[in-house]
Structures are given as structure tokens and as C-alpha cells.
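Following: one structure in C-alpha cells, then a few remarks.
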Amino acid sequence: MSSSSQGVAPDPDLAAEQTAVTDLYRRLDAARELAVTRFRQALAMPIINPQSLGEREAAARFQGQRITALDAADHGLVIGRLDREVSPQPLYIGRVGLPADDPAGDPALVDWRAPASRPFYTATPFRPEGVVRRRHIRTRSREVTAVHDEVLTIDATETDGPPLTGEAALMAALTAERTGRMTDIVATIQAEQDAIIRSDARGVLVVQGGPGTGKTAVALHRAAYLLYTHRDRLARSGLLVVGPTPTFLRYIADVLPALGETGVLLAGLGQLRPGLDARGSEAPEVAEVKGRLAMVDVLKAAVRDRETVPRGVRELVIDGVRIPLRPVDLTRCRTTARRASRQHNLGRPAFVRALAELVAQRYADRIGGDVRGGADLLDRRDVEALQAEVVGEPAVRQLVDEMWPVLTPEGLLRDLLADPARIRRATKGWTEEDRALLARPADAPWTPADVPLLEEADELLGFDDSAERAREARRRRRAQEEAQDTLDLLHGSRSTDLEDDEEGEELTAGDLLDAERLAERDADLDTRTAAERAATDRTWVFGHVVVDEAQELSAMTWRLLARKCPTRSMTVVGDLAQTGSLAGATDWGTVLQPHVGEQWRLAQLTVNYRTPAEIMAVAADVLAAGGAATAAPRSVRSTGVPPVAEQLPEDALLPRAAEVTAELVAAGGTVAVIVPPSRVPAVVDCLAGAFPVVSAGPAADSSAGPVVLVPAEAKGLEFDSVLLVDPQGLLDEGVRGHSDLYVALTRPTQRLTVLSPGALPAELHRLTDDA
């Protein structure tokens, strides 16, 4: 049953729900007003010691997050209600939980993530879960615009495929115009999606799903669910969401805030290293080579290559004394350093000590020998004193820097890739063709494929923080001295009006904490969220990681993510049929096993909510022609608008592309023009003369106007209309051409037009057959 506000007579269902929704908004406003009041009270708390400062900041942060969540819930606060067999009172479901006047009863509004709300998404006529009726409530601002009812106590009949929850509400959401930003699906989550969202956080959950199955939305709602369910743990450790491109991250940026979650770090593959935004481009073959696990051994060899031993005897001159050092002597120093630490920079102090001992002993032998043949004139303490002096000698420092330089990940990788000789020494057993792919100029920009290599290099090099630790120790000593001064001042300022026996009963700051604890409280105060701290800390480990378009990740990227989440608590979503990179996955087990072993499980989404059946039929032909092992998902809707194809001469292609783009823009919603890489500049130039804003590339913004994308940049995105230019070019230029064409065909939610210079590829025969 469905009712809406379009009828002439007042709808009693709408009126009743409007009364209920108005009351829930009143409660929301009251909760927000209370949170604002407590936020202001927290800011006004007096600061009398470091503990009170920490308490003030914690209270302000908690209330600030509460205000943010309540603000986010203002849009579409109520999504529906459940009428249950066990209670005459309906249970309202919404974006946040709101308490009722009677604390012993049901809440006034149940958070969609709470266990009590689950039947709203999972109950069916086959298994009603105690639900008599499920009502979806649609609102605009604070006004109820429609209600859609599902009675679950009727006799269930056979259906073609899984039943849809709230079909009317779902279809309204699917046919709505896109804005260039993803919206949440909390009001229309389906049973197969809800099962994944609420799945156990342990291990790696791989969500395999074709285009339009809601993989991204499910992953983000799962992130919100886990943050709600495991708030204490994830608030401390943080949650990382990894996406393929800046455009994709901008597209999904509003979803979690709309669900009341703001403490999540979003990062593209090129931003996984704090402080680096790697947006350089390179050939797919180059990225594939860099993504191999063999690069771990290459980087190890590159590090060892910098731990050199000079050929021949090296002679040092100290205070006019010549000290010869043979290669075997210097090799012993190097061996000592390597045994001291597996990390290059942490082994340098051991190398310096070994070299200083060697040089000092040789120096002592030269200047301390008795000319009459007696014992050395220098004892052990003299030699030790010489060692301290030798370390500062310019000749010794120069030799240390030559044999065991301080290395940075950026310097190591840049020097390696810019020097064919270094590449050759680090890649024993490689082909010359693969070696040539690694070579590049020293000033080349960093690419996303470089990020895992830089992170791996960081693990191999380490950072000698002895100087920093010494500075920190000095700072702590000063802080303790200042803290002791503070305690002494407080003790001296205590009341003098007390009798001796009363003074013994008075608690002072000195009775509760000593100078060391007071200094530590002051030093450890950090009011940043976990996401804010993680964004600047390379060694941060996350409580959970969400990876979208995961089929594109290389083995080295998986190694990096496994390091960032040692508990292996991950949600991984992707579609093997859409893999477009040479380094990407063709089998989930093959790519995950080296990093997580058997700690992973597979869930599948099989229903396509985005792509109309008319377009999906064409895409399914392409999928089959490419030999994919997976089947195309089943579309749940049909628009009655078939895709359009035009075959025209090359010289008419660009003018016609501009005309069709204008038509699609006029039809409303977002528009993407998907082209082969070689055609991007010409198409952008052509459209720039017709539209005020045209953006292209991995940072394109579809909310501002039509965008020009290659298939790899369109992954994970959706548009009301898509113009596909030169489908044969996509097949020819793509690393996996059929995957690229499949991606391009499955981006539209409403309209698809294909322009082909010459004959259409055979895979698109349905377009000409239906014409």
C-alpha cells in the first residue's frame, strides 16, 4: 500500500506521521540545544591544572561531535517505522537515537544502526521477524511528503529474485537526479546489503559486486555501523577509507558526515603517505612493475648497495699521521653495523663506533708505540678518549658519509630510479625490458605506484631518533622541574589558619600527584581526533580499513595496507570484472593470501540498483565477450529509454559530441563524457567552447558541469547521462579493453549515448539490432 500528498482529500496517514515527525524534530532540537549548552559550559570551565585542561578539552570535543551528529540528522531525520506484534506502539527508525520521556520504554527514535532497527531492512513476508507492517516515511525539510507501507503478514508468493525492501521508496531514490555527490542509502538499505553492513568486524570481508550493486554505499554505511558499534576502540585507533582517485573521494565525502560520522580519514592511493600527494602519471606497464612484491627485494638490494666498501686501501690523515684502512677492515665495520640493526639508519651509530674504534686503535698504535720496543705508552682509557676525538675528524666523517650515508625514502628511491647502474645492481635476474620500465628522471613527480615503495623504504631505513630522544629527555627534565616548582608554590600557598592536626587532614595537589605525573599530564595532552593524528603519523595503525575499487590494488599496495592495519580488520569492496590495471586482481584469494593468509571471507552483491535493464543488457554482452568469470548483476528497474548509438565519420565526431553533450545537459542531472585516453585533450577543447565549466582527469568535479573522463577515472562513480565516444578506442587502448568498455557502459542511471567513428565493435551489436 502506498499513500502520498498528491490526493485532493487530506491523507490521514500523512497527517498522523507529520504529527509524529514534528514531535521527533522537537526532541532533536532540544537535544541539540542541550549539547550546545554543555559545549559552552565545557569551554567556560576554569583551568587550574593540566588535568582540568584535559577534562575541558575532552568534554568540549564530545559535545562538539554530538552537535555535529545532530546537525547531520536534521536532514531526513525519520526514515520509517515498524508496527510490531508485541507492542501497540510503533517503533520509529531514524538517523540518530532520541530518548523517550519514559526511560523504561522504547526510545522515541531508534538509530538505524541499533540492533532494534534491523528488521526494518531485513523483515520479509517469508520471515517477518515480528513485524506486522513496515512504513517508509519520505520527508522534505521537516515536512512529510509520502508514506509507503508494506504489510508483512500476508501469504508470501514466489518472486523473481530477492524481494526488495520498501520498493516504492527505493525506486524514487534510484530515479532521482544525481548531484555529483553520493548520498546515503540509510532509508533504502536492502536485506543483502544490511547483512554485509552488520557483519562481524573481525578479519577481511571482501564484498564482490557488479556495477550499481551499491558496493561503495554499503562499505561506507558499514564504516558508520562499526563506528557506532565499536565506538570506544575505533575512536582511539581511527578508521581509514581508501579510494582510487580524488574525484571519487570528493564524490563520497558527504556520506559519512550525513550519517553523523566525521572522525574518519579519507585517502586516495596517492595520499596514503602522510605529507605526500602523489598525482603523477605513468604507463600502466610501469605501475605494474612497481606493484610487484619483488620490489621488496629490489629496495633491500638498493639499501645494501649504499652500504659500500671502497676498493683498495683507504688512507686517512689525522694530525699528520697516516692511517691505512684495508677493504677487509672496513668490511668488518660494515658487518658489525648490519648485525646491530636491520634498519639502515639505525645501524649507522654502530658503524660509526666500529670505525672509530678501528681508526683510534690504529692511531694509538702509531703514536703510542715505545721506540725501545716496550709496551704501548697509551692505556685503554687513552684509546677510548681517542675514539671520541676521532669521530669528529673531517676525514672520518667523510668516510662514514661515503660508506654509510643517512638515507631518506625519497632520496633512496629517487637515486635508484634515476641511475640505470643502480637499477641493474638491485634487480638481479630481471629482464632488461623490466629494468628499462623502472628508469625515470630524478625530477619526475611521484605517482600513486611510488607510495608503497616509499613506505617500504621507510621500513627498511628506519629513523635514528637518538638526538630527538635526548632533546625529549631534556624537555621532560625541565618540565618536571617546573612542575615541582608549581607544587612547591601550591604547598607554600596553603591555608595557614589550620591547626596542626587539621593540616594533616587537608588534601593538597602534592598528595595526589608528584612532579613527574604532573609533567606527563601536561605533555600528553593532545586534543586532536584519531583521524587528525593519523593524517600526520606514518606509523599510525588503524582499527579498521575500508578499501573501495580494491580490484585495482597492486601487491605492494596490499602490503602497505596490511601494515597499516595489523589486526586485519578490513572491508574490501570491488568487482573483478572491472579490473583495468595490469597490477590489479583477477582472483581475490591470490592477491590477499600473501598479506592476510586465510583471514578473509567473501560476500556477494547480486542486484544492480543503478543501471537500467536496457543499458545493462548491452553491458552484459561486453562482459561475456571479454571472458569474465563473473556474471552481470540483475537490474531491478527499466526506464523504457533504450541506449542510443550513432556511427559517423571521424571529422564529424567532435562537433556531434558537443551537440549530444548539450542535449544531455539540458535533460538534467550530471553528465560524463567517457573517452579513450588519446582523445581527452581534443574532447576537452571541443567542449570548453560550449560550456562555462568543463573538468577532466582524476580530480574532475561533476557537480559543476560535464566532465571528461577515461574509464579508470570513472570507476565507482555514477551519472544521470553518459556519452561514450569511440568505443573501439576503449577496447584498443585499455590494458583490459573489455573491462574498460564495461565500466563506461555501466556509469549512467538514466541515459546512454554512444558515438562511434565508423562501425561499432561487434560487442555492441545489440545497439544496432535494436535500432
Side-chain angles (χ1 to χ4, degrees), residues 1-32 70-102 105-112 114 116-125 128-154 163-177 179 183-190 258-259 609 636-637:
M1 180 180 73
S2 172
S3 58
S4 70
S5 57
Q6 296 176 351
V8 176
D11 190 320
D13 287 334
L14 283 180
E17 296 303 349
Q18 183 65 65
T19 300
V21 168
T22 298
D23 177 68
L24 290 170
Y25 269 107
R26 177 187 61 78
R27 295 175 185 274
L28 176 71
D29 292 338
R32 181 163 41 204
L70 295 172
D71 283 343
D74 202 306
H75 174 70
L77 172 65
V78 185
I79 61 176
R81 82 179 214 191
L82 294 174
D83 296 345
R84 301 163 294 171
E85 295 176 347
V86 297
S87 173
Q89 297 298 321
L91 188 69
Y92 282 90
I93 312 297
R95 293 179 179 277
V96 294
L98 295 173
D101 296 329
D102 180 8
D106 290 328
L109 187 66
V110 176
D111 192 299
W112 69 273
S117 70
R118 185 162 191 172
F120 186 79
Y121 303 108
T122 59
T124 68
E129 301 183 41
V131 177
V132 176
R133 180 177 65 176
R134 172 172 46 221
R135 169 169 287 178
H136 290 261
I137 301 173
R138 295 181 62 194
T139 60
R140 182 181 299 112
S141 185
R142 297 188 172 197
E143 178 187 357
V144 177
T145 60
V147 296
H148 303 286
D149 288 344
E150 296 171 273
V151 178
L152 302 182
T153 57
I154 60 176
L164 298 178
T165 301
E167 185 169 358
L170 174 65
M171 291 305 167
L174 294 179
T175 56
E177 280 190 0
T179 63
T183 57
D184 64 76
I185 59 168
V186 65
T188 58
I189 292 172
Q190 299 300 297
L259 296 172
Y609 303 99
V636 299
R637 67 189 181 97

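Keep in mind that what you see is a predicted model, and the values were worked out from it rather than measured.
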Task: Residue pair Arg134 / Pro119: nearest heavy atoms and the distance that separates them - done: NH1-O, 3.3 Å
Open item on the list: Measuring from atom CD of Glu143 to atom CG of Leu14, what distance do you get when rounded to the nearest 0.5 angstrom?
Closed with: 9.0 Å
Open item on the list: So which atom in Pro90 and which in Asp83 form the shortest heavy-atom distance, rounded to 0.1 Å?
Closed with: CB-OD1, 3.5 Å
Open item on the list: Measuring from atom CG of Asp13 to atom CG of Asp149, what distance do you get when rounded to the nearest 0.5 angstrom?
Closed with: 6.0 Å
Open item on the list: Show, in sequence, the C-alpha distance, side-chain angles and deciding distance for Arg142 and Leu77, and conclude whether the side chain to side chain contact (heavy atoms under 4.5 Å, CB included) test is met.
Closed with: CA-CA 8 Å; Arg142 297 188 172 197; Leu77 172 65; over 6 Å; no
Task: Main-chain N/O of Ala72 paired with Arg95 side-chain donor or acceptor, under 3.5 Å - done: no
- [ ] Side-chain contact test, heavy atoms from C-beta onward, threshold under 4.5 Å: evaluate it for Gln89 versus Ser87 and give yes or no.
- [x] yes
Open item on the list: What I want to find out is whether Arg118 reaches Glu129 closely enough, with some N-O distance under 4.0 Å, to be called a salt bridge.
Closed with: no
Task: Interatomic distance, Glu150 atom CD to Thr124 atom OG1 [nearest 0.5 angstrom] - done: 10.0 Å
Task: OG1 on Thr139 to CD on Gln18, rounded to 0.5 Å - done: 9.0 Å
Task: Shortest non-hydrogen contact between Ala116 and Leu82, atoms and distance - done: O-CD1, 4.3 Å
TODO: Would you please classify the geometry between the Tyr121 ring and the Trp112 ring as parallel, tilted or perpendicular, with 30° and 60° separating the classes?
DONE: perpendicular
- [ ] With rounding to the nearest 0.5 Å, note down the distance linking CG in Asp111 to CG in Leu259.
- [x] 9.5 Å
Task: Side chain proximity check, Arg135 to Tyr92, heavy atoms < 4.5 angstrom - done: no
Task: Ala123 to Pro128 - nearest heavy-atom pair and separation - done: CB-O, 3.3 Å
TODO: Please name the pair of heavy atoms, one in Leu98 and one in Ala31, separated by the smallest distance, quoted to 0.1 Å.
DONE: CD2-CB, 4.3 Å
Task: With Asp29, the side chain to side chain donor-acceptor pair (under 3.5 Å) member among Arg26, Arg32, Arg27 - done: Arg32
TODO: Supply the atom-to-atom distance Ile137 CD1 to His148 NE2, rounded to the nearest 0.5 angstrom.
DONE: 10.5 Å
TODO: Taking the side chain as every heavy atom from C-beta outward, state whether Arg84 and Asp106 have any pair of such atoms under 4.5 Å apart.
DONE: yes
Task: Pairwise side-chain contact, Phe120 with His136, heavy-atom cut-off 4.5 Å (strictly under) - done: yes
